[in-house]
Student: 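This is the structure I want to talk about, given as structure tokens.
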Amino acid sequence: MNHLDKLENKSIHILREAYANFKNLCMLWSIGKDSTVLLWLARKAFFGHVPFPLVHIDTHYKIPEMIEYRDRLAMEWGLDMIYGENREALDKKLTYPDGNVSRLECCRLLKTEALKNTLNGKWPRYRLNHAKGVYEIDRNTEPFTGVIVGVRADEEGSRSKERYFSPRDKNSDWDIGDQPPEFWGQFKTDFAPGTHLRIHPLLDWTELDIWEYIKRENIPTVSLYYDHGDGKRYRSLGCWPCTFPVESDAKNVDDIIIELKSGKFANIAERSGRAQDKEDGGGLEELRKGGYM
Amino acid sequence: MANGEILHNRRDLVSKQDMNIVIVGHVDHGKSTVIGRLLADTNSLPEGKLEQVKEICRRNSKPFEYAFLLDALKDEQAQGITIDTARCFFQTEKRNYIIIDAPGHVEFLKNMVTGASRAEAALLVIDAGEGIQENSRRHGYMLSMLGIKQVCVLVNKMDLVDYSEKPFRRIEKQYRRFLKKVDVEPVCFIPVSAREGENIANHSEKMPWYKGMNVLEVLDSFRSEELPEDKPFRMPVQDVYKFTKGGDNRRIIAGTIETGKISVGDEVVFYPSGKRTRIKSIEGFNREPATTIGAGWATGFTITEQIYIKRGELMCRADELKPKVTGRLLVNLFWLGKNPLVMGKDYYLKLGTAKVGMRVEEIRNVIDASTLAGRKKDQVDRNEVAECILSLDRHIAFDLTGDIAQTSRFVIVDDYEISGGGIVISDLEDQTSWVRDKVLLRNYKWIGSEISAEARAMKYRHGSALILITGEKHSPRKELGRALEKQLFDDGKLVYYLGMGSVLYGVDADLIDHELIIPSRQEHIRRLTEVAHIMLDAGMIFIISARELTAEDYDVICTGIPPEKVTVIWVGEEKTTDIPVTMHIENIDNLDECVSLIRERIHL
């Protein structure tokens with residue numbers, strides 16, 4: 001069993017534990033490479049099926065190609081696709097691109113708040129109707145009690161301390177100082193009413209593992225990750241006003257793997273193209289404690 | 001933050017092996033300094049990082065320490081102690097290492113356990129000046145309980161004892177003796193000074209009396225944990241999938257193989273049910289079809305017989321060691337919970353994929369994990385280790401730690417939280433052991449039919465069920481049973497009513513003649529259960545009326561028949577036994593009304 005096999009099997013085991021233990025389970029799909037690998041692992045775990053809905057938070061500032069890619073795969077793979085949004089903030093133009101709030105506040109409103117209220121069912125959810133090929137308001141407003149998320153421990157400091165099954169309290173807050181023990185492949189699957197669990201099957205994967213696995217499994221990815229001749233590509237995907245491409249001439253998966261191995265980015269964090277992380281010393285950790293992914 | 005960059009710095013990793021190492025030991029004995037040194041001396045730090053941290057220290061007039069390199073989080077820095085496990089990466093020529101930094105503070109033992117259980121080997125750090133402390137021993141004990149075999153002890157801060165051999169040997173001697181008691185054979189003891197970098201990556205000139213390996217050499221000498229394929233096959237069933245909606249008719253038994261190997265065509269037995277079948281295929285997605293598969297794989301199987309299996313069973317090979325099946329266990333456990341483990345309280349036990357209600361029957365001995373002193377107590381407090389007898393609500397399948405460690409491990413859930421863990425030392429008899437042995441053999445020897453239970457249910461338009469109608473002597477049990485039978489029959493259902501007395505002179509004739517009764521009541525119930533089992537296998541709704549059935553009777557019945565198939569109805573004003581009931585009918589004024597009520601309640 002090689003390195004990727006080990007990672008794959010562990011992730012599949014975690015996905016199946018999540019499915020066996022949570023009635024209201026969903027998986028967050030950001031359309032990025034990590035959560036797409038996670039989606040692929042779900043298809044592996046359930047033998048070609050994905051037996052729970054995928055949730056995407058649409059900030060309406062995503063790069064358009066991401067949405068096209070999302071809906072194409074959703075139709076092709078028969079995914080139960082749901083999206084949520086912060087309609088109020090968008091209508092009131094409380095966004096960074098509108099010039100009314102800071103980057104961090106924009107993230108909090110369009111992502112964290114939208115996510116919280118989509119998961120707890122308080123705001124409308126839009127579900128893909130496969131027969132018609134359109135999104136319709138979902139009548140099911142039950143809160144999700146298990147949320148599968150594609151975070152990796154190597155992304156930044158706070159994520160290196162996550163559990164595979166990580167509890168969130170009634171306000172979606174994360175108590176980093178008091179996390180449950182996790183050993184012998186046994187996870188926290190019991191939870192008090194009103195609380196929920198985040199499930200992290202990709203915790204042990206690195207950025208390079210992700211790309212090596214995409215190559216091995218031939219997983220379709222958004223073309224924004226590749227250079228199309230201008231010497232630039234995205235290393236991490238987000239909203240267009242706050243995500244910038246990196247200098248790179250990697251044109252395909254192989255090029256990216258070589259680039260990562262060569263150490264070109266060895267000293268540059270993967271999220272360095274994400275402006276919100278830099279606004280304050282611990283931007284991402286603060287966002288995460290409040291429910292950000 | 002700094003740690004993100006350290007963590008990120010992981011080049012050229014796929015060609016080499018990975019190994020998880022945990023660093024444990026008492027608080028302030030220098031774990032973080034050892035890690036900082038390992039990162040620095042293997043050039044695993046991002047460029048300029050070391051200089052940057054040194055510069056920050058200079059500006060704050062604080063002496064530089066290698067441990068600062070790891071102070072990743074704000075609240076961690078504020079407390080100055082590692083509160084949770086953090087991972088960082090470095091590499092040698094041979095391997096990529098993932099170092100798990102486990103907290104040394106006693107409050108955070110649960111985090112130490114979390115970190116250590118992910119590791120294949122451990123470095124245990126002891127301060128040469130302070131010597132062996134409470135957590136040096138406690139962590140040593142926990143490594144033993146967690147099953148980590150490769151342990152190297154670093155006697156750190158040798159610079160503070162003038163690099164002299166005597167204190168090192170003294171600690172080595174004492175600590176070896178301790179480890180022997182908890183059944184850990186250390187790989188070696190190394191005298192080091194992490195702060196000065198002695199014997200970390202070099203061979204210290206300051207300690208010429210030490211001729212052994214340095215820390216990096218020891219790490220490279222650790223063996224990668226081999227997948228336990230040479231042990232008997234064990235797979236806890238995680239789920240049985242049938243994604244009919246997705247146009248898929250495969251019925252796949254899914255799980256992760258703990259130990260052993262299996263091939264298509266092999267005969268398998270599921271425990272605790274004892275049901276037997278053969279492997280038809282090994283399933284996968286976007287993967288070459290396999291004919292053999294072994295330990296470590298999260299996989300799935302289709303089987304040749306149409307048998308009913310559910311999550312929580314243990315899949316084993318018929319030609320290998322059988323697992324143990326019982327509802328009473330003698331165990332060694334460690335307790336991490338905020339509230340103590342006490343007798344009489346309801347807990348859950350999780351072993352493999354089985355989850356079952358549990359109580360502590362007896363606390364035999366409580367051991368202070370740092371002194372190994374044992375004493376009799378009526379509760380197990382946080383961070384203590386104890387030998388206990390656990391009594392489960394239902395029997396489960398497992399192995400003894402001496403046979404297969406992987407399937408002897410369990411955790412205990414107290415009020416939503418995993419609060420303890422342990423290993424099974426011995427299986428003890430429970431009240432229904434005598435019935436269970438017979439049921440296991442019956443299931444093992446059962447000659448299956450071509451017609452599946454699902455096919456029967458489709459044909460008859462209902463599943464099989466056992467309805468027990470019980471109550472006091474003069475309660476109208478029989479009348480209700482017969483009325484229920486009649487109505488269901490008139491509705492076209494396959495149904496049969498049997499009064500318990502009817503069994504007495506036929507099936508039980510020998511019990512009556514010779515009075516050679518084990519407890520006769522129990523054997524009587526067991527035989528009735530076997531009759532019911534046959535009727536249910538035939539796809540029937542089977543109604544039995546019996547006088548004052550007890551919880552003990554119910555346990556015997558549910559040993560022979562899946563509890564989810566059994567409905568208990570108590571008839572009469574007052575419930576006079578301890579049997580758990582689905583429905584209690586106090587007055588029967590109108591039989592038909594009662595029958596309707598029952599049918600509504602159990603969806604028939």
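Here is how names work: the chains are called A, B, and so on, in the same order as the sequence lines, proteins then strands, and each is numbered from 1. No experiment lies behind these values; they were computed from the predicted model shown.
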Student: Which residue out of Arg311(B), Glu283(B), Arg250(B) racks up the most heavy-atom pairs below 4.5 Å with chain A?
Tutor: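 Looking at each option in turn, the highest pair count goes to Arg311(B).
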
Student: Please flag which part of Glu8(A) lies under 4.5 Å from any non-hydrogen atom of chain B: side chain, backbone, both or neither.
Tutor: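 For Glu8(A), side-chain heavy atoms alone lie under 4.5 Å from chain B.
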
Student: Under 3.5 Å, sequence neighbours excluded: what are the donor-acceptor pairs made by side chains of residues 73-81 of chain A?
Tutor:
{"from": "Asp80(A)", "atom 1": "OD1", "to": "Arg127(A)", "atom 2": "NE", "distance (Å)": "2.8"}
{"from": "Asp80(A)", "atom 1": "OD1", "to": "Arg127(A)", "atom 2": "NH2", "distance (Å)": "3.4"}
{"from": "Asp80(A)", "atom 1": "OD2", "to": "Arg127(A)", "atom 2": "NH2", "distance (Å)": "2.6"}

Student: Quick one: of Ile252(B), Asp248(B), Leu146(B), Asn286(B), who has the most non-hydrogen atom pairs under 4.5 Å with chain A?
Tutor: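 Most heavy-atom pairs within the cutoff with chain A belong to Asn286(B).
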
Student: Is the number of heavy atoms from other residues, nucleotides or ligands under 6.0 Å of Phe243(B) CZ greater than 12?
Tutor: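 It does: Phe243(B) CZ has more than 12 such atoms within range.
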
Student: Please output the residues of residues 40-48 of chain A in contact with chain B, using a heavy-atom cutoff of under 4.5 Å, in numerical order.
Tutor: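 Within residues 40-48 of chain A, the residues under 4.5 Å from chain B are Trp40(A), Arg43(A), Lys44(A), Ala45(A), Phe46(A), Phe47(A), Gly48(A).
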
Student: Which distance, rounded to the nearest 0.5 Å, do you find between the CG of Asp204(A) and the CG of Asn20(B)?
Tutor: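 Output value for this atom pair is 7.0 Å.
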
Student: I'd like to check the side chain to side chain donor-acceptor pair (under 3.5 Å) partners of Gln406(B); sequence neighbours left out, ordered by chain and number.
Tutor: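 For Gln406(B), the residues satisfying side chain to side chain donor-acceptor pair (under 3.5 Å) (neighbours in sequence not counted) are Lys231(B).
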
Student: Atom OG1 in Thr114(B), atom CZ in Arg163(A): separation rounded to 0.5 Å?
Tutor: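 CZ of Arg163(A) is found 4.0 Å from OG1 of Thr114(B).
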
Student: Is it the side chain or the backbone of His49(A) that comes within 4.5 Å of chain B heavy atoms, both, or neither?
Tutor: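 Side chain only.
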
Student: Relative to chain A, which segment of Lys355(B) carries a heavy atom at a distance below 4.5 Å: side chain, backbone, both, or neither?
Tutor: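 Contact with chain A: side chain only.
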
Student: Keeping the roles fixed (side chain from Gln238(B), backbone from His13(A)), state whether a donor-acceptor pair exists under 3.5 Å.
Tutor: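 Side chain of Gln238(B) to backbone of His13(A), a donor-acceptor pair under 3.5 Å: yes, one is there.
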
Student: Heavy-atom cut-off 4.5 Å, strictly under: side chain, backbone, both or neither for Val413(B) against chain A?
Tutor: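 Contact with chain A: side chain only.
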
Student: Pick one of side chain, backbone, both or neither for Thr189(A), based on which atoms fall under 4.5 Å of a heavy atom in chain B.
Tutor: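 The answer is both parts of Thr189(A).
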
Student: Ignoring hydrogens and angles, tell me if any N or O in the side chain of Lys188(A) forms a donor-acceptor pair with the backbone of Ile418(B) under 3.5 Å.
Tutor: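 No.
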
Student: Got a second to check how far Phe187(A)'s CZ is from Lys350(B)'s NZ, nearest 0.5 Å?
Tutor: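 Phe187(A) atom CZ to Lys350(B) atom NZ measures 9.0 Å (nearest 0.5 Å).
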
Student: Between Lys6(A), Glu217(A), Glu182(A), which shows the greatest number of heavy-atom pairs under 4.5 Å with chain B?
Tutor: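 Of the candidates given, the most pairs with chain B belong to Glu182(A).
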
Student: Only heavy atoms, only distances under 4.5 angstrom. Which residues in residues 293-300 of chain B are near chain A?
Tutor: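 Answer by number: Ala295(B), Gly296(B), Trp297(B), Ala298(B), Thr299(B), Gly300(B).
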
Student: Pair Phe183(A), Leu336(B) - check side-chain contact (heavy atoms from CB on, under 4.5 Å), show working.
Tutor: CA-CA 12 Å; Phe183(A) 52 98; Leu336(B) 307 167; 4.0 Å; yes

Student: To the nearest 0.5 Å, tell me how far Leu7(A) CG sits from Asp18(B) CG.
Tutor: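 It comes to 7.5 Å.
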
Student: Any side-chain heavy-atom pair from Arg16(A) and Asp239(B) closer than 4.5 angstrom?
Tutor: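 Answer no - side chains too far apart.
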
Student: Run the numbers on Glu17(A) and Thr353(B) for side-chain contact (heavy atoms from CB on, under 4.5 Å), then give the verdict.
Tutor: CA-CA 9 Å; Glu17(A) 280 303 285; Thr353(B) 53; 4.0 Å; yes

Student: State whether the number of non-hydrogen atoms from other residues, nucleotides or ligands found under 6.0 Å of Lys338(B) atom NZ is greater than 12.
Tutor: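 Counting neighbours around NZ of Lys338(B), 12 or fewer heavy atoms of other residues, nucleotides or ligands fall under 6.0 Å, so no.
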
Student: By a 4.5 Å heavy-atom criterion (distance strictly below it), what part of Tyr241(B) contacts chain A: side chain, backbone, both, or neither?
Tutor: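 For Tyr241(B), side-chain heavy atoms alone lie under 4.5 Å from chain A.
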
